[in-house]
Protein chains: 2
Amino acid sequence: MTTPPPGLRERKKQATREALREAALRLAVEHGPDQVRVEDIAEAAGVSPRTYNNYFASREQAIVSAVSADREARIAAAVAARPAGVRLADAIAEAVVEQYTNTGEHEHEALLLITTRTALRDAFLDTTAGIEAPLTAVIAERIGDVGAHAARVLAASVAAAVRIALEGWLQPTGNAEAAGGFGTGGLVVPSGSLPDRLRAALAPLTPAFDAAEQRTQP
Amino acid sequence: MTTPPPGLRERKKQATREALREAALRLAVEHGPDQVRVEDIAEAAGVSPRTYNNYFASREQAIVSAVSADREARIAAAVAARPAGVRLADAIAEAVVEQYTNTGEHEHEALLLITTRTALRDAFLDTTAGIEAPLTAVIAERIGDVGAHAARVLAASVAAAVRIALEGWLQPTGNAEAAGGFGTGGLVVPSGSLPDRLRAALAPLTPAFDAAEQRTQP
DNA sequence: CAGACAAAATGCGTGCACGCAAGTTTGCGC
DNA sequence: GCGCAAACTTGCGTGCACGCATTTTGTCTG
């Protein structure tokens, strides 16, 4: 289940993908997100515009993917790396926080950019959906095949929680009427760091994980 | 907090929206989903193509919205209608099942259509996101303001679960390798009715709701 | 009722996503 | 090495989403 030897074909493909990522982000930072056309990105990466669209389904996706890279796979690996003794809920929370905390200098600059445009923000939030599949796998491994459904649902819930945490974190200035049709009541956390937000968002799901875990190892 | 008297303006707007919905679905059924251009839908509804895009952000959204209509608001109302005695998790599960079960003749025809195109299927699944906000409101009302965060997360989890249930239900034929990188283990529910799927998807979240509910009413 | 004001409809222009049908490269067995 | 099949790239054409400026249409007030 390891990488056999990645042939030339695959390596070239990854190189192109990386070139597009890098070009997209760099141009967006240099000239502003709205002043960059797909044509420019493709040219900077040395491919045709049509090829660009074989790699990314939207302009925003390319820019954002330079930041999110392949966090998806790393989260699953981070969960699997935790000793089997710790509670599943804790293992996941720690892994998630860990993977969303490596804010390199380079990335921080990009995040500021993302905050400025709603389309970019949305694209970034959509990347959380990518962690569902890997998470489903590791969760299912813990709670056994009888909980295959549950694994899927729990993974999706985690993704949703992470999304919510990021959503609030990327909010430039605090605003009200965010929840659903009525003010949030007035006493929500004003801002908070990203790790705190992530932990807070994941906390409500803990009981569900505990229950799922206990059902298999009584 | 009731509807004062909805002016002519608002009524016309809803009429236009309804006309677009109806036209989109009808034309899609008649000529096939791919043979219908936005221009056709707009013309059938008696508005300009540009106006069409003021109501719907994509062609698929218009078609799908004829089915999903405003299930969002109805789900929240259905939850609120349950007596305060029943467990929150049960109230939500019942309300969700109830709202996704009224398969009118007309709707069933549309669902078959949706199954045939991936783009339509995705658009339909995306409608589940719309129930988050109303659900957040009703959940928050039950568990109090201290659980404002939790309400948001739980609502999103419910939406995710519903999405998963619908996803599986719309699958034309059973296929493997659906979960995350490895076979589902072999013993998942082959098909099942929609209500069953919904209940099964929501079940893993029950402990989380119980915990949230107890924290406020010990 | 007239005139001001807000909201929605419309026309136009631009960039984009993507299907399709070549053309080109890579991998592989002989 | 040779040639073939699959994978990837590219050009082209079409329909679409959406910003902007303008016109039309409710709505409110004196």
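Numbered from 1 within each chain, the chains take letters A, B, ... in sequence-line order.
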Exercise for the section: Give the intermediate values and the outcome of side chain to side chain contact (heavy atoms under 4.5 Å, CB included) for residues B:R59 and B:D34. Expected result: CA-CA 10 Å; B:R59 201 175 85 260; B:D34 298 334; 4.2 Å; yes
Fill in the blank from the handout: Separation of D:dC16 atom P from A:N53 atom CG, nearest Å, is 17 Å
Practice task
Return the value, rounded to whole Å, for the distance between atom CG of A:D40 and atom C1' of C:dC16.
Solution key: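 Going from CG in A:D40 over to C1' in C:dC16 covers 13 Å.
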Handout entry: N/O (side chain, A:Y52) to phosphate O (OP1/OP2, D:dT9) under 4.0 Å
Key =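 False: A:Y52 side-chain N/O out of range (4.0 Å or more) of D:dT9 OP1/OP2.
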Looking only at the side chain of [X] (C-beta and beyond, no hydrogens), which of the listed nucleotides [options] gets closest?
X     : options                : value
A:R59 : D:dA17, D:dT9, C:dA17  : C:dA17
B:K12 : D:dC8, D:dG26, C:dT10  : D:dG26
B:S48 : D:dC16, D:dT10, C:dG11 : C:dG11

Problem - Taking every non-hydrogen atom, the tightest pair across B:A80 and B:V138 - result: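 Heavy-atom minimum between the residues: CB-CG1, 4.3 Å.
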Problem - Closest non-hydrogen atom pair, A:T127 against A:S68 - result: CG2-OG, 3.8 Å
Completion exercise
DNA chain C nearest-nucleotide lookup for A:R37 and A:R50: closer to the 5′ end is A:R37
Atom pairs under 3.5 Å, N or O on each side, protein against nucleotides 27-30 of chain C: can you list them with distances?
unit_1, atom_1, unit_2, atom_2, d
C:dG27, OP1, A:L8, N, 2.7
C:dG27, OP1, A:R9, N, 2.5

Problem - Flag for B:R71-B:Q99: side-chain donor and acceptor within less than 3.5 Å - result: no
Practice task
Would you mind classifying the nucleic acid contact of A:F56 as base, sugar-phosphate or nothing, using non-hydrogen atoms under 4.0 angstrom?
Solution key: nothing
Handout entry: Residue closer to the 5' end of DNA chain D, B:E39 versus A:V47 (nearest nucleotide)
Key =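 Closer to the 5' end of DNA chain D: A:V47.
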Problem - N-O pairing of B:R152 and A:E167 below 4.0 Å - result: yes
